[in-house]
**Q** 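Can you read through this structure? Questions will come right after.
Nothing here was measured: the structure is a model prediction, and the numbers come from that model. Note that these values count all heavy atoms, side chains included, but never hydrogens, waters or copies made by symmetry. Residues take their numbers from the sequence shown, with the count starting at 1.
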Amino acid sequence: MKKLLAVLAGSAAALLTGCGGGSGGGGTTQQLAGDSGSASPLAAYIGTWQSACDDHDRQSLVIAFKSDGSGSLEMTPTGETYFKADCSGPVVATDSMSAKITGKPDGTADMLIKLAENAAATSLRVDKVTSSAPAYAFQRSGATVKYVLRANQQQWCVEVDNGESCMWDEGMQAAQSVPGGLSLRGNDLYTVMLDKGVYVLDMHYVKK
């Protein structure tokens, strides 16, 4: 399956990537108690963000401040699979993680990031974030989702208009902490991840 719920505040693909076979792969926000939420440079990221459609799949990311007053972010990723490849019509499966991701601020930096595969690198002001999650598992739900054994691997599969979309059940994953970052341009949110010592684009979202 494609990257499921990729980054979230810059968490690396290793943290938020689901694997599998097949043809494809409005939240409520909360403010930090006291005045530090509005004063935080991360306040601009609070809200619900949505990726473009990618062959039946679309990802949403809800970012809120943690309620413990630490100034860290709480990120909740969700993947939706649509029956039609252009993401129109009904949602037939919803993918999620069993744990929330905490994003701890780690300063800012100007970075040269390629925002498209064949584009020249663009300078981005990035709020660096270390994303952490306790032990977690991926989950898939939906009225027509089937839990099946394929190629000796348990998978959640759902029918779509040109075949089926499947996600492997890889069981519990170990707790992880990975470096990444967030960058905002108008209503466009870019999440970046550290890959082999270099920050690269992970996901592009727009404000929902």
Side-chain angles (χ1 to χ4, degrees), residues 1-19 25 27 29-30 32 37 40-52 54 57-66 68 70-79 95-117 119-138 170 173-208:
M1 146 158 192
K2 301 180 181 68
K3 256 197 294 196
L4 170 67
L5 325 174
V7 274
L8 316 215
S11 48
L15 174 59
L16 295 172
T17 297
C19 299
T29 62
Q30 63 184 81
L32 182 68
S40 169
L42 301 181
Y45 300 110
I46 301 304
T48 300
W49 303 86
Q50 189 175 66
S51 73
D54 182 16
D57 297 322
R58 174 172 278 154
Q59 297 181 31
S60 294
L61 174 62
V62 177
I63 303 178
F65 281 114
K66 288 182 67 70
D68 59 6
S70 65
S72 293
L73 298 175
E74 183 174 80
M75 296 165 284
T76 307
T78 302
D95 305 329
S96 60
M97 289 176 62
S98 61
K100 293 183 183 295
I101 298 168
T102 294
K104 184 178 179 180
D106 188 30
T108 61
D110 293 317
M111 302 179 185
L112 287 174
I113 304 290
K114 292 179 65 173
L115 300 182
E117 184 175 353
T122 299
S123 180
L124 290 181
R125 184 72 168 176
V126 175
D127 288 294
K128 296 170 67 179
V129 175
T130 299
S131 297
S132 302
Y136 66 93
F138 291 111
E170 296 185 315
Q173 304 295 302
Q176 297 191 45
S177 181
V178 293
L182 301 167
S183 184
L184 192 63
R185 283 188 167 186
N187 285 326
D188 293 287
L189 169 65
Y190 298 97
T191 59
V192 302
M193 55 177 267
L194 189 63
D195 181 27
K196 298 177 182 178
V198 178
Y199 283 90
V200 298
L201 178 70
D202 184 44
M203 286 291 293
H204 170 215
Y205 299 91
V206 294
K207 196 72 173 284
K208 188 174 179 180

**Q** If you apply the rule side chain to side chain contact (heavy atoms under 4.5 Å, CB included), what do you find for Leu194 with Val178, and how did you get there?
**A** CA-CA 8 Å; Leu194 189 63; Val178 293; over 6 Å; no
**Q** Would you mind reporting whether Pro77 and Gln59 have side-chain heavy atoms less than 4.5 Å apart?
**A** no
**Q** Taking all atoms of both residues into account, what is the closest heavy-atom pair of Tyr190 and Leu124, and its distance?
**A** CB-CD1, 4.5 Å
**Q** Search all heavy atoms of Leu182 against all heavy atoms of Val129 and return the closest pair with its distance.
**A** CD1-CG2, 4.3 Å
**Q** Check Ala44 against Leu184 and note the closest heavy-atom contact, atom names and distance.
**A** CB-CD2, 3.6 Å
**Q** Would you check if there is a donor-acceptor pair between the side chains of Thr76 and Lys100 at a distance under 3.5 Å?
**A** yes
**Q** Hey, could you give me the OG/CD1 distance between Ser132 and Ile101, rounded to the nearest 0.5 Å?
**A** 9.5 Å
**Q** Do Leu189 and Ile63 have side chains that get closer than 4.5 Å, going by heavy atoms?
**A** yes
**Q** Would you check if Pro105 and Leu42 make a side-chain contact, meaning some heavy-atom pair closer than 4.5 Å?
**A** yes
**Q** Would you say Gln173's side chain and Glu170's backbone share a donor-acceptor pair under 3.5 angstrom?
**A** yes
**Q** Nearest 0.5 Å, what's the CG-NZ distance between Asp188 and Lys207?
**A** 11.5 Å
**Q** Under the side-chain hydrogen bond (donor to acceptor under 3.5 Å, both in side chains) test, which residues partner Arg185, sequence neighbours left out?
**A** none
**Q** Does NZ or CZ of Lys208 lie under 6.0 Å from the centre of the six-membered ring of Trp49, at an angle within 45° of the ring axis?
**A** no
**Q** Nearest 0.5 Å, what's the CG-NZ distance between Leu73 and Lys104?
**A** 12.5 Å
**Q** What verdict does the side chain to side chain contact (heavy atoms under 4.5 Å, CB included) test give for Phe65 and Glu74, after you've listed the backbone C-alpha separation in whole Å, the side-chain angles of each residue and the deciding distance to 0.1 Å?
**A** CA-CA 6 Å; Phe65 281 114; Glu74 183 174 80; over 6 Å; no
**Q** Any side-chain heavy atom of Thr102 sitting closer than 4.5 Å to one from Lys66?
**A** yes
**Q** To the nearest 0.5 Å, how far apart are CZ in Arg125 and CE in Met111?
**A** 10.0 Å
**Q** Please walk me through it: do Val200 and Lys114 pass side chain to side chain contact (heavy atoms under 4.5 Å, CB included)?
**A** CA-CA 7 Å; Val200 298; Lys114 292 179 65 173; over 6 Å; no
**Q** At their closest point, which heavy atom of Leu112 faces which heavy atom of Ala121, and how far apart are they?
**A** CB-CB, 4.0 Å
**Q** Indicate the atoms forming the closest heavy-atom contact of Ala174 with Tyr136, along with that distance.
**A** O-CE2, 3.8 Å
**Q** Are the side chains of Met97 and Phe138 in touch, meaning some heavy atoms are under 4.5 Å apart?
**A** yes
**Q** Nearest heavy-atom pair of Ser51 and Met203: which atoms, and what distance?
**A** CB-CE, 3.7 Å
**Q** Is there a side-chain contact between Thr108 and Asp127 (heavy atoms, below 4.5 Å)?
**A** yes
**Q** With rounding to the nearest 0.5 angstrom, report the OG1 to CZ distance, Thr78 to Arg58.
**A** 13.5 Å
